[in-house]
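What follows is one structure encoded as structure tokens, with my remarks underneath.
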There are 4 protein chains.
Amino acid sequence: MTPPRPLRADAARNRDALLAAAADEFAERGLEASVADIARRAGVGKGTVFRHFATKDDLLAAIVIDRMDALDAVGQDLLTADDAATALHEFLTAAAHQRQQRDLSFLQSAGDVSPEVTRTRTRLYATIDHLVARARTQKAIRPDITGADVILLMCAPNYVVSYVPEAPPDLWQRYLAIIFDGLRPAAAHPLPHPPPSLDLSDTAT
Amino acid sequence: MTPPRPLRADAARNRDALLAAAADEFAERGLEASVADIARRAGVGKGTVFRHFATKDDLLAAIVIDRMDALDAVGQDLLTADDAATALHEFLTAAAHQRQQRDLSFLQSAGDVSPEVTRTRTRLYATIDHLVARARTQKAIRPDITGADVILLMCAPNYVVSYVPEAPPDLWQRYLAIIFDGLRPAAAHPLPHPPPSLDLSDTAT
Amino acid sequence: MTPPRPLRADAARNRDALLAAAADEFAERGLEASVADIARRAGVGKGTVFRHFATKDDLLAAIVIDRMDALDAVGQDLLTADDAATALHEFLTAAAHQRQQRDLSFLQSAGDVSPEVTRTRTRLYATIDHLVARARTQKAIRPDITGADVILLMCAPNYVVSYVPEAPPDLWQRYLAIIFDGLRPAAAHPLPHPPPSLDLSDTAT
Amino acid sequence: MTPPRPLRADAARNRDALLAAAADEFAERGLEASVADIARRAGVGKGTVFRHFATKDDLLAAIVIDRMDALDAVGQDLLTADDAATALHEFLTAAAHQRQQRDLSFLQSAGDVSPEVTRTRTRLYATIDHLVARARTQKAIRPDITGADVILLMCAPNYVVSYVPEAPPDLWQRYLAIIFDGLRPAAAHPLPHPPPSLDLSDTAT
DNA sequence: AATGAATGAGCATTCATTCAT
DNA sequence: CATGAATGAATGCTCATTCAT
């Protein structure tokens, strides 16, 4: 389905180096990080980037997919935990931990750059939806919170922290805690707007 | 100190038109909105942009300062309200309302591009700090929440909503409500990390 | 309809310099002449090329249109000459003279890069068609020759000469003469294939 | 003298496949056909192309040589025909038929990329010169036409036809007929320029 | 003061060619 | 020998910024 051929050893190493370098570069300079800088950071020639990823957008998509898949795996594991509240908190912790920097790209911002991204995102969203549903059933979180709510709030801790000039690397934990407290039934006040639909339907073939 | 000369009438009109056009353009297309488009939207020549703002970044800074000043005025007003909790909530509502779109960039992202920005930001932060202190004193919010916490969380509702493809214009209210519930004493769990310092001291000359 | 504004004096000078430089460069190195080289040859910056012609193709189109219009003017003049055979010969001479070098670009090769090109070409073709029709009526050329035939053969002398390493500048006259003799009734043998249609209809609005 | 070693069987097969693939690709997309596409079409790796032909230009030269040799063989055969006029016409027909598409580039355009090309071209030119001389002697063509004239005019039919958008595959026959009529004594008018010298002497070592 | 023409650094992308596997 | 991964020069084009009009 994806590339059938297993890739030569050195090529695989380069591909990984590129993904890592690109993730760092995108994290530091946003979407306008240049391909040349990414190549330099990965220690390869500019042309090599395009051998592996036909387009800058494809490179971005590959990073996004990688991240989302890794996160989905974590979520799948946690689906079988007994305590749904702890499971959801652990999931959000893993998500925030993935990058303590400005990973703004890894949600919708990457757009529907490729059907593969859409597919992967849909899968991840479904997993989160299940995690949230379980927590709701166990009354660990308030009944008016949906999966979409959590999906949207998930990145807020990292975002918020990105504005602190020399932030300690774990500062996001503070804001995850505050937001998570907002999800608990204890402090619940009626919500002034219905939740959005993020279209979790499976539109993939 | 800063503007030495009161600016001719037409020049002032141009300056305002430019600020408005730039704000719209940045809101629609993000930071990569082109100076040429801004000039066209303002109905002036490209050169005029640079007569008023030496640099694209200076233009951005001017917008940021405008916004922060307007918000500071709102905050100052609310400092005298009786109910500190309501006052803080109203302030956050005003902040989120200012733009439901992507000029969340108006905090640190504009960097310390000019001492004027720094000065204005410091002033705004101090106001917010007071609002939060009053709410804390009235036990309307939990005791472990600082001004810096609120400053950081303030933009999260807009950020979060920016990932919803065709978001209804008031959706941010939902997430402000959730986050605000997280600030209330009712659901408070111990916070895992001390609050950051945003250096509210007045470092300007 | 086209650019309504009359263009500043220096801008017009640059535009002309660019057209001339581009024509030379295209003539020497074919379509893959680089915009950078054209700019250098015209003595302007690279950006200036794109201010005047949004696209390399637009630049090419402008040249083509210029040439075709000039040629059309010659043809229009000759439509009123008494001796249609001489008129046609003079027209073909003017066409070949326009560039003794590889002007391969100035016919279909530029494709229908813009409706303006199409329009201009249609006009030129119609003029040629009239010239040919008159010559045919006067029995100066064979009856089985159409306007399309002449249009196609028109560039052959230049093409043919382009393969002579250090061709004398008037060598094309020799081949125009030979081909023109082929158009005369005297040596006519039946033609083995019907003439093509070049769609001389006026499809423009 | 040139190929020192008789080439292994599979290598020879690859070489032929490459020549065929390259000829097709050049015909379809012109000189800017990419080596990668040629390799893919031939079913070999890109590196293999360069093992056989040190340079893209060398590959082009090899094709040119192939074509010129094939055409020379046809010409040699026709040298013994009784009717020199028919022989010449048949030769030109064969030449035009070789490809009705855009490998008219196979004359000078390939330049003197290698001495081998020069040598082959010289041989072909000599053959054509003989064919023309015989026709001239038999008064089948006008006395002021030289071998060089025919060599140059030879590709005109293909060239001319290349500007007809969806040309029927045999359209070139029409223009060959017209040009050939121009070579006949019947319509001959004095030629305005002496014939060029194409240096048919054998300058190769 | 306002304009918009000119500039050139910077960008994503292509491709002939080289070289490790 | 064959492969295809790596390379980097070159290209068309954009855009913040400068400057002549």
Side-chain angles (χ1 to χ4, degrees), chain A residues 5 7-15 18 32-40 42-59, chain B residues 7-11 14 32-40 42-59, chain C residues 5 7-15 18 32-40 42-59, chain D residues 7-8 10-11 14 32-40 43-59:
Chain A
R5 190 175 302 247
L7 221 50
R8 248 168 52 184
D10 54 346
R13 211 171 328 121
N14 272 343
R15 201 192 127 97
L18 273 171
E32 76 232 41
S34 87
V35 172
D37 285 346
I38 291 170
R40 198 169 313 122
V44 304
K46 212 176 357 166
T48 304
V49 180
F50 290 98
R51 156 163 293 277
H52 286 279
F53 308 96
T55 265
K56 190 186 177 182
D57 276 352
D58 284 357
L59 173 53
Chain B
L7 223 48
R8 253 170 46 182
D10 55 344
N14 272 346
E32 79 242 23
S34 86
V35 173
D37 283 347
I38 292 171
R40 196 170 313 122
V44 305
K46 216 178 351 171
T48 305
V49 181
F50 289 96
R51 165 163 303 279
H52 286 281
F53 308 96
T55 258
K56 192 187 178 182
D57 277 350
D58 285 356
L59 174 52
Chain C
R5 192 173 302 246
L7 222 50
R8 248 167 52 183
D10 54 346
R13 210 171 330 121
N14 272 345
R15 201 192 127 97
L18 273 170
E32 75 231 41
S34 88
V35 173
D37 284 347
I38 291 170
R40 198 169 312 122
V44 304
K46 211 177 358 166
T48 304
V49 180
F50 290 99
R51 157 163 292 278
H52 286 280
F53 308 96
T55 265
K56 190 186 178 183
D57 276 351
D58 284 356
L59 173 52
Chain D
L7 225 49
R8 255 171 45 183
D10 54 346
N14 272 346
E32 79 243 21
S34 85
V35 174
D37 284 346
I38 292 170
R40 196 170 313 124
V44 304
K46 217 179 349 172
T48 306
V49 180
F50 289 96
R51 165 160 303 278
H52 287 282
F53 308 96
T55 257
K56 191 186 178 182
D57 277 349
D58 285 356
L59 174 53

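Throughout, protein chains are lettered first and strands after them, A, B, ... in sequence-line order, and every chain is numbered starting at 1.
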How long is the line joining [atom1] of [X] and [atom2] of [N], in whole Å?
X      : N       : atom1 : atom2 : answer
D57(D) : dC15(E) : CG    : C1'   : 14 Å
R40(B) : dG4(E)  : CZ    : P     : 11 Å
I38(C) : dA10(F) : CD1   : P     : 17 Å
F53(D) : dT18(E) : CZ    : P     : 16 Å
L59(D) : dT17(E) : CG    : P     : 10 Å
D58(D) : dA16(E) : CG    : C1'   : 13 Å
R15(C) : dA6(E)  : CZ    : C1'   : 16 Å
D37(D) : dG4(F)  : CG    : P     : 15 Å

According to a strict under-4.0 Å criterion, is [X] in side-chain N/O contact with OP1 or OP2 of [N]?
X      : N       : result
H52(C) : dA6(E)  : yes
S34(B) : dT14(F) : no
R51(B) : dA1(E)  : yes
K56(D) : dA16(E) : yes
N14(B) : dA1(E)  : no
T55(A) : dT13(E) : yes
T48(D) : dT3(F)  : yes

Judged by atom type as modelled, is there a donor-acceptor pair below 3.5 Å linking the side chain of S34(A) to the main-chain atoms of D37(A)?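 Side chain of S34(A) to backbone of D37(A): a pair is present.
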Salt-bridge criterion met for D10(A) and R13(A) (N-O under 4.0 Å):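 So D10(A) does not pair with R13(A) through a salt bridge.
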For G43(B) and for A33(A), find the nucleotide of DNA chain E with the closest heavy atom, then tell me which residue's nucleotide is more 5'.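 Here G43(B) is the residue nearer the 5' end.
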Specify the residue among V35(D) and R13(A) whose closest nucleotide of DNA chain E lies further upstream toward the 5′ end.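 Final value for this comparison: V35(D).
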Atom CG in D58(C), atom OG1 in T55(C): separation rounded to 0.5 Å?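 Taking CG in D58(C) and OG1 in T55(C), the distance rounds to 5.0 Å.
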What is the distance from atom NE2 of H52(B) to atom CG of N14(B), rounded to the nearest 0.5 Å?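 Those atoms lie 5.0 Å apart.
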Minimum-distance pair of heavy atoms, taken over all atoms of F53(C) and R15(C):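 Looking at all heavy atoms of both residues, the closest pair is CE2-NH1, 3.5 Å.
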Of all the heavy-atom pairs spanning G45(C) and A39(C), show the shortest one and how long it is.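 The answer is O-CB, 3.8 Å.
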Start at the 5' end of DNA chain F and walk down; is the nucleotide closest to G47(B) or to V49(A) reached first?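 Of the two residues, V49(A) wins.
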Mapping G45(A) and A36(C) onto DNA chain F by nearest heavy atom, which one lands closer to the 5' end?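 Nearest nucleotide further toward 5': that of G45(A).
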Among dA16(E), dT14(F), dT3(E), which nucleotide sits nearest the side chain of V44(B)?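 Between dA16(E), dT14(F), dT3(E), the one nearest the side chain of V44(B) would be dT3(E).
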Is there a donor on the side chain of K46(C) or the base of dT7(E) sitting less than 3.5 Å from an acceptor on the other?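 Answer is no: no donor-acceptor pair is held.
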Counting a pair only when it is Watson-Crick or G-U and both distances are under 3.5 Å, which runs of at least 3 such pairs involve DNA chain F?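 As far as DNA chain F goes, consecutive pairing (with distances under 3.5 Å) yields the stems E:2-21 with F:2-21.
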Is any side-chain heavy atom of L59(C) closer than 4.5 Å to one of V35(C)?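 No; the side chains remain at least 4.5 Å from each other.
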